[in-house]
Number of protein chains: 2
Amino acid sequence: MASDHTRTAILAAAERLYADRGFGDVTLRDIVAEANVNLAAVNYHFGSKDELIAELFVTRSIATNRERLRELKAAEEQGGGRAPIEVILHALVGPTLRGCLGPENQRSTAARFMIRASIESVPPIRRIKNREIDHLRKFAGAMRRSLPDRSDIDIYWGLNFALAMAHHTIRESERLTKLSEGKCDLDDVEDVVARVVSVATMALTAGRTEAKAPSRLAAR
Amino acid sequence: MASDHTRTAILAAAERLYADRGFGDVTLRDIVAEANVNLAAVNYHFGSKDELIAELFVTRSIATNRERLRELKAAEEQGGGRAPIEVILHALVGPTLRGCLGPENQRSTAARFMIRASIESVPPIRRIKNREIDHLRKFAGAMRRSLPDRSDIDIYWGLNFALAMAHHTIRESERLTKLSEGKCDLDDVEDVVARVVSVATMALTAGRTEAKAPSRLAAR
DNA sequence: GATAGTTTCATACAACTGTTTGAATTGCAA
DNA sequence: TTGCAATTCAAACAGTTGTATGAAACTATC
(Lines give C-alpha, C1' and ligand atoms only; values in the text may rest on other atoms or scores of the structure.)
Protein backbone atom coordinates (compact mmCIF):
# COMPACT_ATOMS: atom_id res chain seq x y z
CA MET A 1 0.00 0.00 0.00
CA ALA A 2 1.02 3.56 0.68
CA SER A 3 1.86 6.01 -2.04
CA ASP A 4 5.14 4.40 -2.99
CA HIS A 5 6.15 7.87 -3.96
CA THR A 6 9.37 7.78 -1.97
CA ARG A 7 10.35 4.39 -3.31
CA THR A 8 9.82 5.49 -6.87
CA ALA A 9 11.65 8.75 -6.37
CA ILE A 10 14.67 6.92 -4.97
CA LEU A 11 14.76 4.47 -7.86
CA ALA A 12 14.54 7.25 -10.42
CA ALA A 13 17.16 9.40 -8.75
CA ALA A 14 19.53 6.50 -8.25
CA GLU A 15 19.23 5.37 -11.84
CA ARG A 16 19.87 8.88 -13.10
CA LEU A 17 22.89 9.47 -10.87
CA TYR A 18 24.45 6.07 -11.47
CA ALA A 19 23.97 6.50 -15.20
CA ASP A 20 25.66 9.89 -15.18
CA ARG A 21 28.45 9.46 -12.70
CA GLY A 22 28.97 5.74 -12.22
CA PHE A 23 28.59 3.58 -9.14
CA GLY A 24 31.96 4.49 -7.80
CA ASP A 25 31.29 8.00 -6.67
CA VAL A 26 27.59 8.20 -6.04
CA THR A 27 26.74 7.93 -2.36
CA LEU A 28 23.43 7.32 -0.69
CA ARG A 29 23.51 10.93 0.37
CA ASP A 30 23.73 12.03 -3.24
CA ILE A 31 20.76 9.87 -4.09
CA VAL A 32 18.48 11.00 -1.31
CA ALA A 33 19.38 14.63 -2.03
CA GLU A 34 18.44 14.18 -5.68
CA ALA A 35 15.23 12.41 -4.70
CA ASN A 36 14.39 14.90 -1.95
CA VAL A 37 13.87 12.19 0.62
CA ASN A 38 15.45 11.37 3.92
CA LEU A 39 18.68 9.43 4.15
CA ALA A 40 17.12 6.60 6.11
CA ALA A 41 14.49 6.05 3.43
CA VAL A 42 16.84 3.94 1.32
CA ASN A 43 17.43 1.43 4.06
CA TYR A 44 13.79 1.52 5.06
CA HIS A 45 12.50 0.76 1.56
CA PHE A 46 15.27 -1.35 0.10
CA GLY A 47 17.20 -2.78 3.03
CA SER A 48 20.61 -1.74 1.81
CA LYS A 49 22.44 0.10 -0.91
CA ASP A 50 23.33 -3.12 -2.69
CA GLU A 51 19.72 -4.24 -2.76
CA LEU A 52 18.77 -0.93 -4.32
CA ILE A 53 21.34 -1.40 -7.07
CA ALA A 54 20.27 -4.99 -7.55
CA GLU A 55 16.61 -4.02 -7.90
CA LEU A 56 17.49 -1.43 -10.53
CA PHE A 57 19.55 -3.90 -12.48
CA VAL A 58 17.15 -6.80 -12.25
CA THR A 59 14.27 -4.68 -13.45
CA ARG A 60 16.16 -3.55 -16.51
CA SER A 61 17.66 -6.95 -17.16
CA ILE A 62 14.44 -8.89 -17.26
CA ALA A 63 12.98 -6.24 -19.54
CA THR A 64 15.81 -6.74 -22.01
CA ASN A 65 15.75 -10.50 -21.69
CA ARG A 66 12.01 -10.63 -22.23
CA GLU A 67 12.42 -8.54 -25.35
CA ARG A 68 15.13 -10.84 -26.65
CA LEU A 69 13.12 -13.98 -26.02
CA ARG A 70 10.04 -12.47 -27.60
CA GLU A 71 11.95 -11.86 -30.83
CA LEU A 72 13.52 -15.30 -30.68
CA LYS A 73 10.28 -17.11 -30.10
CA ALA A 74 8.49 -15.27 -32.87
CA ALA A 75 11.26 -16.15 -35.29
CA GLU A 76 11.30 -19.82 -34.38
CA GLU A 77 7.54 -20.14 -34.58
CA GLN A 78 7.51 -18.56 -37.99
CA GLY A 79 10.21 -20.94 -39.17
CA GLY A 80 8.51 -23.99 -37.75
CA GLY A 81 10.92 -24.41 -34.87
CA ARG A 82 13.99 -23.40 -36.80
CA ALA A 83 14.90 -19.77 -37.31
CA PRO A 84 17.60 -18.43 -39.66
CA ILE A 85 20.79 -17.78 -37.77
CA GLU A 86 20.78 -14.09 -38.67
CA VAL A 87 17.40 -13.66 -37.09
CA ILE A 88 18.48 -15.43 -33.94
CA LEU A 89 21.56 -13.23 -33.66
CA HIS A 90 19.41 -10.21 -34.33
CA ALA A 91 17.19 -11.16 -31.43
CA LEU A 92 20.26 -11.64 -29.27
CA VAL A 93 22.06 -8.35 -29.83
CA GLY A 94 19.31 -6.13 -31.23
CA PRO A 95 17.47 -5.20 -28.03
CA THR A 96 20.65 -4.38 -26.14
CA LEU A 97 22.17 -2.32 -28.92
CA ARG A 98 18.93 -0.55 -29.64
CA GLY A 99 18.59 0.27 -25.96
CA CYS A 100 22.12 1.49 -25.40
CA LEU A 101 23.09 3.25 -28.60
CA GLY A 102 21.39 5.92 -30.66
CA PRO A 103 21.46 9.70 -30.35
CA GLU A 104 22.65 10.52 -26.89
CA ASN A 105 20.01 13.09 -26.09
CA GLN A 106 17.23 10.62 -26.79
CA ARG A 107 18.97 7.78 -25.00
CA SER A 108 16.88 6.75 -22.04
CA THR A 109 18.14 6.89 -18.50
CA ALA A 110 17.56 3.16 -18.35
CA ALA A 111 19.88 2.65 -21.30
CA ARG A 112 22.61 4.82 -19.85
CA PHE A 113 22.28 2.96 -16.58
CA MET A 114 22.74 -0.38 -18.30
CA ILE A 115 25.83 0.92 -20.06
CA ARG A 116 27.27 1.88 -16.70
CA ALA A 117 26.40 -1.51 -15.32
CA SER A 118 28.27 -3.14 -18.17
CA ILE A 119 31.31 -0.93 -17.64
CA GLU A 120 31.71 -0.88 -13.89
CA SER A 121 30.14 -4.10 -12.74
CA VAL A 122 29.90 -3.75 -8.97
CA PRO A 123 29.42 -6.83 -6.76
CA PRO A 124 25.62 -6.90 -6.56
CA ILE A 125 25.41 -6.67 -10.34
CA ARG A 126 28.04 -9.28 -10.90
CA ARG A 127 26.08 -11.70 -8.76
CA ILE A 128 23.02 -11.24 -10.93
CA LYS A 129 24.92 -11.53 -14.18
CA ASN A 130 26.07 -14.99 -13.20
CA ARG A 131 22.48 -16.11 -13.31
CA GLU A 132 22.21 -15.03 -16.92
CA ILE A 133 23.69 -18.25 -18.20
CA ASP A 134 20.36 -20.05 -18.36
CA HIS A 135 19.07 -17.28 -20.53
CA LEU A 136 22.01 -17.58 -22.92
CA ARG A 137 21.53 -21.31 -23.13
CA LYS A 138 18.16 -20.75 -24.75
CA PHE A 139 19.90 -18.89 -27.53
CA ALA A 140 22.55 -21.57 -27.84
CA GLY A 141 19.74 -24.07 -28.26
CA ALA A 142 18.08 -22.05 -30.99
CA MET A 143 21.41 -21.63 -32.75
CA ARG A 144 22.02 -25.36 -32.61
CA ARG A 145 18.62 -26.01 -34.17
CA SER A 146 19.38 -23.45 -36.86
CA LEU A 147 22.82 -24.87 -37.64
CA PRO A 148 22.53 -28.56 -36.77
CA ASP A 149 25.74 -29.44 -38.57
CA ARG A 150 27.92 -27.15 -36.50
CA SER A 151 29.67 -28.40 -33.42
CA ASP A 152 28.69 -27.12 -30.00
CA ILE A 153 32.11 -25.55 -29.71
CA ASP A 154 31.54 -23.42 -32.78
CA ILE A 155 28.08 -22.48 -31.58
CA TYR A 156 29.37 -21.26 -28.24
CA TRP A 157 32.23 -19.37 -29.83
CA GLY A 158 29.83 -17.71 -32.21
CA LEU A 159 27.55 -16.75 -29.36
CA ASN A 160 30.51 -15.43 -27.44
CA PHE A 161 31.75 -13.33 -30.35
CA ALA A 162 28.32 -11.90 -31.07
CA LEU A 163 27.93 -10.74 -27.48
CA ALA A 164 31.52 -9.51 -27.55
CA MET A 165 30.97 -7.23 -30.49
CA ALA A 166 27.69 -5.88 -29.17
CA HIS A 167 28.85 -5.20 -25.64
CA HIS A 168 32.27 -3.89 -26.56
CA THR A 169 30.76 -1.51 -29.07
CA ILE A 170 28.47 -0.18 -26.37
CA ARG A 171 31.20 0.05 -23.75
CA GLU A 172 33.70 1.70 -26.02
CA SER A 173 31.38 3.66 -28.24
CA GLU A 174 33.02 6.92 -27.28
CA ARG A 175 36.46 5.63 -28.08
CA LEU A 176 35.37 4.25 -31.44
CA THR A 177 33.86 7.59 -32.36
CA LYS A 178 37.03 9.39 -31.38
CA LEU A 179 39.31 6.85 -33.04
CA SER A 180 37.40 6.98 -36.30
CA GLU A 181 37.02 10.75 -36.06
CA GLY A 182 33.28 10.38 -36.28
CA LYS A 183 33.39 8.21 -39.38
CA CYS A 184 31.76 5.31 -37.57
CA ASP A 185 28.22 6.48 -36.92
CA LEU A 186 27.07 4.93 -33.69
CA ASP A 187 23.78 6.76 -33.81
CA ASP A 188 22.70 4.68 -36.77
CA VAL A 189 21.72 1.77 -34.57
CA GLU A 190 20.30 -0.45 -37.26
CA ASP A 191 23.56 -0.23 -39.17
CA VAL A 192 25.48 -1.26 -36.07
CA VAL A 193 23.12 -4.18 -35.47
CA ALA A 194 23.48 -5.23 -39.09
CA ARG A 195 27.28 -5.15 -38.87
CA VAL A 196 27.39 -7.21 -35.70
CA VAL A 197 24.88 -9.74 -37.00
CA SER A 198 26.68 -9.99 -40.31
CA VAL A 199 30.08 -10.68 -38.79
CA ALA A 200 28.69 -13.11 -36.24
CA THR A 201 26.84 -14.94 -38.99
CA MET A 202 30.05 -15.25 -40.97
CA ALA A 203 31.82 -16.56 -37.91
CA LEU A 204 29.17 -19.23 -37.51
CA THR A 205 28.82 -20.27 -41.12
CA ALA A 206 32.29 -19.81 -42.58
CA GLY A 207 33.69 -22.74 -44.50
CA ARG A 208 30.37 -24.46 -44.35
CA THR A 209 27.62 -22.85 -46.38
CA GLU A 210 26.84 -19.46 -47.83
CA ALA A 211 26.28 -16.90 -45.15
CA LYS A 212 22.73 -16.45 -46.35
CA ALA A 213 21.36 -19.97 -46.23
CA PRO A 214 21.58 -21.79 -42.93
CA SER A 215 21.22 -25.35 -44.07
CA ARG A 216 21.53 -28.90 -42.86
CA LEU A 217 24.40 -30.04 -45.04
CA ALA A 218 27.38 -32.25 -44.50
CA ALA A 219 28.75 -32.89 -41.05
CA ARG A 220 32.13 -31.70 -39.93
CA MET B 1 69.66 5.36 -5.09
CA ALA B 2 68.63 3.42 -2.06
CA SER B 3 67.63 -0.19 -2.09
CA ASP B 4 64.22 0.41 -3.66
CA HIS B 5 63.24 -2.70 -1.81
CA THR B 6 60.18 -1.12 -0.26
CA ARG B 7 59.01 0.38 -3.52
CA THR B 8 59.31 -2.93 -5.29
CA ALA B 9 57.62 -4.84 -2.50
CA ILE B 10 54.66 -2.48 -2.60
CA LEU B 11 54.29 -2.78 -6.36
CA ALA B 12 54.42 -6.56 -6.20
CA ALA B 13 51.99 -6.84 -3.32
CA ALA B 14 49.58 -4.37 -4.85
CA GLU B 15 49.58 -6.12 -8.19
CA ARG B 16 48.96 -9.46 -6.57
CA LEU B 17 46.12 -8.23 -4.37
CA TYR B 18 44.43 -6.20 -7.08
CA ALA B 19 44.67 -9.15 -9.44
CA ASP B 20 43.09 -11.49 -6.91
CA ARG B 21 40.46 -9.35 -5.26
CA GLY B 22 39.86 -6.37 -7.52
CA PHE B 23 40.38 -2.69 -6.92
CA GLY B 24 37.12 -2.30 -5.09
CA ASP B 25 38.01 -4.01 -1.88
CA VAL B 26 41.76 -3.80 -1.55
CA THR B 27 42.85 -1.04 0.78
CA LEU B 28 46.24 0.51 1.31
CA ARG B 29 46.34 -1.31 4.60
CA ASP B 30 45.90 -4.63 2.85
CA ILE B 31 48.73 -3.79 0.52
CA VAL B 32 51.22 -2.70 3.14
CA ALA B 33 50.38 -5.73 5.23
CA GLU B 34 51.07 -8.02 2.28
CA ALA B 35 54.28 -6.15 1.49
CA ASN B 36 55.39 -6.02 5.12
CA VAL B 37 56.00 -2.31 5.00
CA ASN B 38 54.64 0.65 6.85
CA LEU B 39 51.38 2.28 5.88
CA ALA B 40 53.00 5.62 5.18
CA ALA B 41 55.38 4.05 2.70
CA VAL B 42 52.84 4.14 -0.09
CA ASN B 43 52.36 7.86 0.09
CA TYR B 44 56.07 8.39 0.60
CA HIS B 45 57.08 6.42 -2.48
CA PHE B 46 54.15 6.97 -4.82
CA GLY B 47 52.39 10.09 -3.62
CA SER B 48 48.94 8.60 -3.49
CA LYS B 49 46.98 5.43 -4.01
CA ASP B 50 45.85 6.47 -7.46
CA GLU B 51 49.41 7.11 -8.56
CA LEU B 52 50.36 3.66 -7.39
CA ILE B 53 47.60 2.11 -9.48
CA ALA B 54 48.52 4.28 -12.43
CA GLU B 55 52.17 3.24 -12.24
CA LEU B 56 51.21 -0.42 -12.20
CA PHE B 57 48.93 -0.01 -15.17
CA VAL B 58 51.22 2.07 -17.37
CA THR B 59 54.10 -0.31 -16.77
CA ARG B 60 52.06 -3.25 -17.97
CA SER B 61 50.42 -1.29 -20.75
CA ILE B 62 53.58 -0.12 -22.41
CA ALA B 63 54.97 -3.62 -22.17
CA THR B 64 51.98 -4.99 -24.07
CA ASN B 65 51.97 -2.14 -26.56
CA ARG B 66 55.66 -2.53 -27.24
CA GLU B 67 55.12 -6.22 -27.89
CA ARG B 68 52.27 -5.50 -30.26
CA LEU B 69 54.22 -2.90 -32.20
CA ARG B 70 57.24 -5.17 -32.40
CA GLU B 71 55.15 -7.87 -34.08
CA LEU B 72 53.51 -5.33 -36.35
CA LYS B 73 56.73 -3.72 -37.44
CA ALA B 74 58.40 -7.04 -38.15
CA ALA B 75 55.46 -8.07 -40.31
CA GLU B 76 55.38 -4.85 -42.28
CA GLU B 77 59.10 -4.88 -42.89
CA GLN B 78 58.97 -8.43 -44.14
CA GLY B 79 56.12 -7.52 -46.47
CA GLY B 80 57.83 -4.43 -47.78
CA GLY B 81 55.61 -2.00 -45.92
CA ARG B 82 52.46 -4.01 -46.37
CA ALA B 83 51.58 -6.88 -44.07
CA PRO B 84 48.80 -9.42 -44.59
CA ILE B 85 45.74 -8.45 -42.61
CA GLU B 86 45.80 -11.68 -40.61
CA VAL B 87 49.28 -10.93 -39.40
CA ILE B 88 48.35 -7.42 -38.39
CA LEU B 89 45.36 -8.69 -36.46
CA HIS B 90 47.54 -11.33 -34.91
CA ALA B 91 49.91 -8.64 -33.67
CA LEU B 92 46.96 -6.68 -32.33
CA VAL B 93 45.22 -9.35 -30.28
CA GLY B 94 47.95 -11.95 -29.82
CA PRO B 95 50.00 -10.38 -27.04
CA THR B 96 46.96 -9.52 -24.94
CA LEU B 97 45.33 -12.90 -25.31
CA ARG B 98 48.57 -14.74 -24.77
CA GLY B 99 49.16 -12.69 -21.63
CA CYS B 100 45.71 -13.05 -20.14
CA LEU B 101 44.58 -16.55 -21.06
CA GLY B 102 46.23 -19.92 -20.71
CA PRO B 103 46.28 -22.34 -17.78
CA GLU B 104 45.35 -20.37 -14.70
CA ASN B 105 48.13 -21.63 -12.52
CA GLN B 106 50.75 -20.48 -14.96
CA ARG B 107 49.04 -17.19 -15.66
CA SER B 108 51.28 -14.38 -14.52
CA THR B 109 50.25 -11.92 -11.86
CA ALA B 110 50.74 -9.20 -14.41
CA ALA B 111 48.22 -10.87 -16.69
CA ARG B 112 45.64 -11.30 -13.96
CA PHE B 113 46.14 -7.68 -12.99
CA MET B 114 45.46 -6.54 -16.54
CA ILE B 115 42.31 -8.62 -16.66
CA ARG B 116 41.12 -6.87 -13.53
CA ALA B 117 41.98 -3.53 -15.02
CA SER B 118 39.90 -4.35 -18.05
CA ILE B 119 36.97 -5.45 -15.93
CA GLU B 120 36.83 -2.83 -13.22
CA SER B 121 38.39 0.21 -14.80
CA VAL B 122 38.86 2.63 -11.92
CA PRO B 123 39.37 6.35 -12.58
CA PRO B 124 43.19 6.45 -12.73
CA ILE B 125 43.15 3.60 -15.23
CA ARG B 126 40.39 5.10 -17.30
CA ARG B 127 42.41 8.26 -17.67
CA ILE B 128 45.33 6.33 -19.07
CA LYS B 129 43.23 4.25 -21.41
CA ASN B 130 42.07 7.37 -23.15
CA ARG B 131 45.60 7.99 -24.29
CA GLU B 132 45.68 4.61 -26.02
CA ILE B 133 44.03 5.96 -29.14
CA ASP B 134 47.30 7.01 -30.74
CA HIS B 135 48.54 3.49 -30.36
CA LEU B 136 45.46 2.06 -32.05
CA ARG B 137 45.81 4.51 -34.90
CA LYS B 138 49.09 2.88 -35.83
CA PHE B 139 47.24 -0.38 -36.32
CA ALA B 140 44.50 1.33 -38.29
CA GLY B 141 47.22 2.71 -40.54
CA ALA B 142 48.76 -0.70 -41.10
CA MET B 143 45.34 -2.17 -41.83
CA ARG B 144 44.63 0.56 -44.35
CA ARG B 145 47.91 -0.19 -46.10
CA SER B 146 47.05 -3.86 -46.10
CA LEU B 147 43.55 -3.35 -47.47
CA PRO B 148 43.78 -0.15 -49.50
CA ASP B 149 40.47 -0.72 -51.20
CA ARG B 150 38.47 -0.80 -48.00
CA SER B 151 36.87 2.32 -46.62
CA ASP B 152 38.11 3.84 -43.40
CA ILE B 153 34.76 3.04 -41.86
CA ASP B 154 35.18 -0.67 -42.50
CA ILE B 155 38.75 -0.55 -41.20
CA TYR B 156 37.70 1.00 -37.93
CA TRP B 157 34.79 -1.38 -37.50
CA GLY B 158 37.08 -4.30 -38.13
CA LEU B 159 39.55 -2.99 -35.59
CA ASN B 160 36.75 -2.47 -33.12
CA PHE B 161 35.39 -5.97 -33.58
CA ALA B 162 38.82 -7.57 -33.27
CA LEU B 163 39.46 -5.84 -29.96
CA ALA B 164 35.91 -6.65 -28.92
CA MET B 165 36.34 -10.37 -29.37
CA ALA B 166 39.72 -10.45 -27.68
CA HIS B 167 38.79 -8.37 -24.66
CA HIS B 168 35.36 -9.85 -24.15
CA THR B 169 36.77 -13.35 -24.30
CA ILE B 170 39.25 -12.40 -21.61
CA ARG B 171 36.70 -10.63 -19.44
CA GLU B 172 34.09 -13.34 -19.70
CA SER B 173 36.33 -16.36 -19.98
CA GLU B 174 34.84 -17.89 -16.88
CA ARG B 175 31.33 -17.48 -18.15
CA LEU B 176 32.17 -18.95 -21.53
CA THR B 177 33.70 -21.96 -19.88
CA LYS B 178 30.64 -22.45 -17.72
CA LEU B 179 28.21 -21.80 -20.55
CA SER B 180 29.91 -24.28 -22.84
CA GLU B 181 30.40 -26.74 -20.02
CA GLY B 182 34.10 -26.73 -20.67
CA LYS B 183 33.76 -27.45 -24.36
CA CYS B 184 35.43 -24.17 -25.28
CA ASP B 185 39.03 -24.63 -24.22
CA LEU B 186 40.35 -21.25 -23.15
CA ASP B 187 43.68 -22.70 -22.14
CA ASP B 188 44.50 -23.39 -25.77
CA VAL B 189 45.54 -19.81 -26.34
CA GLU B 190 46.72 -20.21 -29.91
CA ASP B 191 43.37 -21.66 -30.88
CA VAL B 192 41.61 -18.67 -29.33
CA VAL B 193 43.91 -16.26 -31.14
CA ALA B 194 43.30 -18.10 -34.41
CA ARG B 195 39.55 -17.90 -33.95
CA VAL B 196 39.58 -14.20 -33.21
CA VAL B 197 41.93 -13.42 -36.08
CA SER B 198 39.92 -15.56 -38.46
CA VAL B 199 36.61 -13.91 -37.68
CA ALA B 200 38.10 -10.42 -37.72
CA THR B 201 39.71 -11.15 -41.06
CA MET B 202 36.39 -12.26 -42.46
CA ALA B 203 34.79 -9.12 -41.15
CA LEU B 204 37.38 -7.02 -42.94
CA THR B 205 37.48 -8.87 -46.23
CA ALA B 206 33.94 -10.15 -46.71
CA GLY B 207 32.37 -9.42 -50.07
CA ARG B 208 35.66 -8.17 -51.39
CA THR B 209 38.35 -10.79 -51.81
CA GLU B 210 39.07 -14.22 -50.46
CA ALA B 211 39.88 -14.15 -46.79
CA LYS B 212 43.32 -15.48 -47.51
CA ALA B 213 44.68 -13.00 -50.04
CA PRO B 214 44.68 -9.38 -49.05
CA SER B 215 44.98 -7.77 -52.42
CA ARG B 216 44.75 -4.47 -54.23
CA LEU B 217 41.79 -5.24 -56.42
CA ALA B 218 38.82 -3.23 -57.58
CA ALA B 219 37.66 -0.21 -55.64
CA ARG B 220 34.39 -0.05 -53.84
C1' DG C 1 82.38 9.37 14.50
C1' DA C 2 79.68 13.50 13.72
C1' DT C 3 76.56 15.20 10.08
C1' DA C 4 73.13 15.49 6.63
C1' DG C 5 69.86 13.20 3.89
C1' DT C 6 66.90 9.52 3.21
C1' DT C 7 63.74 6.22 4.67
C1' DT C 8 60.80 3.99 8.14
C1' DC C 9 57.58 3.95 11.74
C1' DA C 10 53.62 4.54 15.07
C1' DT C 11 50.11 7.31 15.44
C1' DA C 12 46.74 10.64 14.68
C1' DC C 13 43.63 13.03 11.58
C1' DA C 14 39.81 14.32 9.00
C1' DA C 15 36.53 12.98 5.99
C1' DC C 16 33.28 9.99 4.35
C1' DT C 17 30.73 5.69 4.17
C1' DG C 18 26.33 2.75 4.87
C1' DT C 19 23.47 1.78 8.60
C1' DT C 20 20.72 2.25 12.94
C1' DT C 21 17.92 4.45 16.32
C1' DG C 22 14.07 6.32 18.43
C1' DA C 23 11.18 9.97 18.38
C1' DA C 24 7.94 12.74 15.39
C1' DT C 25 4.65 12.73 11.85
C1' DT C 26 1.39 11.08 8.79
C1' DG C 27 -2.56 8.45 6.96
C1' DC C 28 -6.27 5.54 7.62
C1' DA C 29 -9.76 2.59 10.03
C1' DA C 30 -12.90 1.97 13.73
C1' DT D 1 -11.76 11.42 17.84
C1' DT D 2 -9.10 7.72 19.05
C1' DG D 3 -5.84 4.24 18.08
C1' DC D 4 -2.54 1.92 15.41
C1' DA D 5 0.39 1.06 11.88
C1' DA D 6 3.27 2.84 8.27
C1' DT D 7 6.38 6.25 7.10
C1' DT D 8 9.55 10.13 7.67
C1' DC D 9 13.01 12.51 9.96
C1' DA D 10 17.27 14.36 12.40
C1' DA D 11 20.82 12.69 14.61
C1' DA D 12 24.22 9.73 15.84
C1' DC D 13 26.97 5.51 15.22
C1' DA D 14 30.60 2.53 14.00
C1' DG D 15 33.63 1.51 10.76
C1' DT D 16 36.78 2.39 7.11
C1' DT D 17 39.27 5.06 4.07
C1' DG D 18 43.47 7.71 2.22
C1' DT D 19 46.64 10.98 3.95
C1' DA D 20 49.70 13.78 7.06
C1' DT D 21 52.89 14.37 10.92
C1' DG D 22 56.95 14.33 13.51
C1' DA D 23 60.00 11.58 15.81
C1' DA D 24 63.10 7.54 15.28
C1' DA D 25 66.20 4.63 12.62
C1' DC D 26 69.12 4.05 9.15
C1' DT D 27 72.93 5.12 5.46
C1' DA D 28 76.58 7.12 3.47
C1' DT D 29 79.90 10.99 3.23
C1' DC D 30 83.34 13.61 4.97
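Here is the naming used below: chain letters follow the sequence lines, and residue numbers restart at 1 for every chain.
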Within this structure, what is the CG-to-P distance between Asp25(A) and dT17(C), rounded to whole angstrom? 10 Å
Side-chain ion pair, Glu15(B) and Arg112(B), N-O less than 4.0 Å: no
Partner of His167(A) under side chain to side chain contact (heavy atoms under 4.5 Å, CB included), chosen from Thr96(A), Ile115(A), Leu97(A): Thr96(A)
Should the pair Lys73(A)-Glu76(A) be classified as a salt bridge under the 4.0 Å nitrogen-to-oxygen rule? no
Pick the closest DNA chain C nucleotide for Asp30(A) and for Asn38(A) by heavy atoms, then say which residue is nearer the 5' end. Asp30(A)
Please determine whether a side-chain nitrogen of the Lys or Arg among Arg98(B) and Glu71(B) lies less than 4.0 Å from a carboxylate oxygen of the Asp or Glu. yes
For the pair Arg68(A) (side chain) and Pro95(A) (backbone), establish whether a donor and an acceptor sit closer than 3.5 Å, ignoring hydrogens and angles. no
Between dT8(D) atom P and Ile10(A) atom CD1, what is the distance in whole Å? 8 Å
Report which part of the nucleic acid Ala40(A) touches: base, sugar-phosphate, or nothing (heavy-atom distance under 4.0 Å, all strands). base
Within residues 42-59 of chain A: residues closer than 4.0 Å to DNA chain C (heavy atoms): Asn43(A), Ser48(A), Lys49(A)
Distance, rounded to the nearest Å, where Leu28(B) contributes CG and dT17(D) contributes C1': 8 Å
I want to check one thing: is the phosphate of dT16(D), taken as OP1 and OP2, less than 4.0 Å away from some side-chain N or O of Thr27(B)? no
Tell me: NE2 of His5(B) to C1' of dT6(C), nearest whole Å? 17 Å
Within this structure, what is the CG-to-P distance between Asp4(B) and dC26(D), rounded to whole angstrom? 19 Å
Heavy-atom side-chain proximity of Asp154(B) to Arg195(A) below 4.5 angstrom: yes
To the nearest Å, give me how far apart CG (Leu39(A)) and P (dA11(D)) are. 13 Å
Hey, is CD on Gln78(B) packed in by over 12 heavy atoms from elsewhere, all under 6.0 Å? no
Nearest whole Å is fine: how far is dT17(C) C1' from Phe23(A) CZ? 17 Å
Rounded to the nearest angstrom, tell me the gap between atom CZ in Arg29(A) and atom C1' in dA15(C). 11 Å
